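None of the values given here were measured: they were computed from a predicted structure.
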Amino acid sequence: MKKLIQIIILSLLFVSSYSLANEKKQKLQNIYILLQEKNFEEGIKNLQILSEQNDIDAQLLYSKILFSGDLTPQDFENSYFWGFSALLGGLKKASNILEKLSEYLTEEQIRDITSKLIEFLEKRAYEKDKRAIVQIAKIYENFTEPPDLINAYTWYNIAVAQGIKTAKSKRDEVLNSLNEKDLLDAQSLSIKLFKKINN
């Protein structure tokens with residue numbers, strides 16, 4: 001088990017060290033050091049804090065730890081929550097853990113987790129977290145049944161207005177799927193939420 005933990009920690013340190021901004025990178029490296037020194041309680045507490053700041057690398061590591069149950073009791077719902085957030089943030093490798101977790105969670109549990117994740121990301125968006133804005137749009141476009149294109153357009157529209165250039169093609173793609181009334185509703189909601197975020 002000790003060897004497994006070291007392999008997980010070292011491999012994740014190597015992979016994630018290239019993708020983090022300096023400050024968050026340093027915080028995540030400090031967490032790896034705490035875990036290597038077997039200071040699991042403090043390491044996991046700091047990992048949770050960094051995950052709540054929407055650091056997707058921390059979220060994926062936290063998801064893996066919650067899934068494995070080696071350092072803290074297994075918690076599949078929270079593992080799915082953080083893995084899902086990391087996936088929405090652009091870490092495609094998070095889909096592996098979500099596939100495994102979907103074997104243990106019901107569709108109703110996954111819907112509840114999705115709702116909680118929307119709440120979490122909206123709170124982050126209102127704190128001017130640009131990544132969260134795009135993450136919300138992705139949930140509405142790809143992970144609600146049926147897809148909620150009004151909300152997807154709304155959040156992509158806000159993302160573009162916040163200067164996220166990569167959201168423009170997604171916004172325009174969703175735009176072409178809306179009728180005139182839905183488009184008007186979505187634009188009105190975009191304006192309202194954009195003002196809320198920027199106040």
Side-chain angles (χ1 to χ4, degrees), residues 1-125 127 129 131-132 134-136 138-145:
M1 185 177 114
K2 191 187 294 183
K3 192 101 170 145
L4 175 68
I5 292 169
Q6 287 177 333
I7 290 168
I8 290 172
I9 290 170
L10 289 173
S11 66
L12 290 170
L13 178 59
F14 180 78
V15 169
S16 63
S17 65
Y18 292 99
S19 61
L20 295 170
N22 284 341
E23 185 183 334
K24 287 189 176 179
K25 177 179 170 183
Q26 186 59 53
K27 285 181 182 177
L28 194 56
Q29 285 179 337
N30 290 341
I31 290 167
Y32 286 121
I33 291 165
L34 288 168
L35 296 177
Q36 285 173 328
E37 292 172 348
K38 296 187 173 64
N39 190 346
F40 300 134
E41 189 176 338
E42 188 178 348
I44 289 170
K45 180 182 169 192
N46 289 344
L47 189 58
Q48 181 178 355
I49 291 167
L50 204 52
S51 296
E52 288 170 355
Q53 293 170 355
N54 207 17
D55 182 297
I56 56 175
D57 293 283
Q59 290 171 348
L60 182 56
L61 176 58
Y62 195 27
S63 175
K64 288 179 177 181
I65 289 171
L66 291 168
F67 178 75
S68 73
D70 289 335
L71 307 179
T72 188
Q74 282 185 318
D75 183 343
F76 291 162
E77 287 190 351
N78 273 318
S79 178
Y80 195 97
F81 180 95
W82 294 116
F84 192 12
S85 186
L87 177 70
L88 293 165
L91 287 183
K92 291 180 181 164
K93 57 191 167 187
S95 61
N96 297 333
I97 198 161
L98 296 181
E99 279 179 39
K100 292 176 188 171
L101 285 162
S102 64
E103 295 173 19
Y104 301 103
L105 298 170
T106 65
E107 286 183 21
E108 185 179 343
Q109 285 174 302
I110 291 172
R111 275 195 303 273
D112 288 346
I113 293 166
T114 303
S115 295
K116 288 176 186 168
L117 187 55
I118 290 170
E119 287 175 28
F120 166 75
L121 292 170
E122 283 183 356
K123 185 178 176 200
R124 294 290 313 162
E127 293 170 5
D129 181 340
R131 174 183 285 144
V134 175
Q135 287 169 294
I136 297 166
K138 287 181 182 177
I139 288 183
Y140 284 124
E141 182 186 14
N142 302 307
F143 297 99
T144 56
E145 194 54 51

Residue among L47, D55, I44 satisfying side-chain contact (heavy atoms from CB on, under 4.5 Å) with L61: L47

Is the backbone N or O of N96 less than 3.5 Å from a side-chain atom of E99, with the two atoms forming a donor-acceptor pair by type? no

Would you say that more than 12 heavy atoms from the other residues, nucleotides or ligands in this model lie under 6.0 Å from the CD of E103, or not? yes

Would you say Q59's side chain and G83's backbone share a donor-acceptor pair under 3.5 angstrom? no

Testing the basics here: between S85 and I56, what is the closest heavy-atom pair and its distance to 0.1 Å? O-CG2, 4.2 Å

Grab the two heavy atoms, one from F40 and one from L35, that are nearest each other, plus how far apart they are. CE2-O, 3.3 Å

Output for pair (I118 CD1, K116 NZ), nearest 0.5 Å, gives 13.0 Å

Full working for side-chain contact (heavy atoms from CB on, under 4.5 Å) between R111 and E108: CA-CA 5 Å; R111 275 195 303 273; E108 185 179 343; 3.8 Å; yes

Suppose we screen for salt bridge (charged side-chain N to carboxylate O under 4.0 Å, His left out). Which residues come up paired with D129, at least two apart in sequence or across chains? R124

As an exercise, state the distance from CG of L28 to CD1 of I33, rounded to the nearest 0.5 Å. 10.5 Å

Using atom types as modelled and distance alone, determine if a side-chain donor or acceptor of Q74 lies under 3.5 Å from a backbone N or O of F67. yes

Any side-chain heavy atom of Q135 sitting closer than 4.5 Å to one from I139? no

For the residue pair Y104 and F76, does the interplanar ring angle fall in the parallel (under 30°), tilted (30 to 60°) or perpendicular (over 60°) class? tilted

Aromatic ring pairing F120/W82, orientation class (parallel under 30°, perpendicular over 60°, tilted between): perpendicular

Give a yes or no on whether the backbone of Y140 and the side-chain of T144 come within a donor-acceptor separation of less than 3.5 Å. yes

Please report the shortest heavy-atom distance between K138 and L88, naming the atom on each side. NZ-O, 3.0 Å

Minimum heavy-atom distance L105-E77, with the two atoms named: CD2-CG, 3.9 Å

Within this structure, what is the CD-CD distance for the pair E127 and Q53, rounded to the nearest 0.5 Å? 10.0 Å

When rounded to the nearest 0.5 Å, the distance separating OG of S79 from CD1 of I97 is 4.0 Å

Has the side chain of T114 got a donor or acceptor atom that lies under 3.5 Å from a matching backbone atom of I110? yes

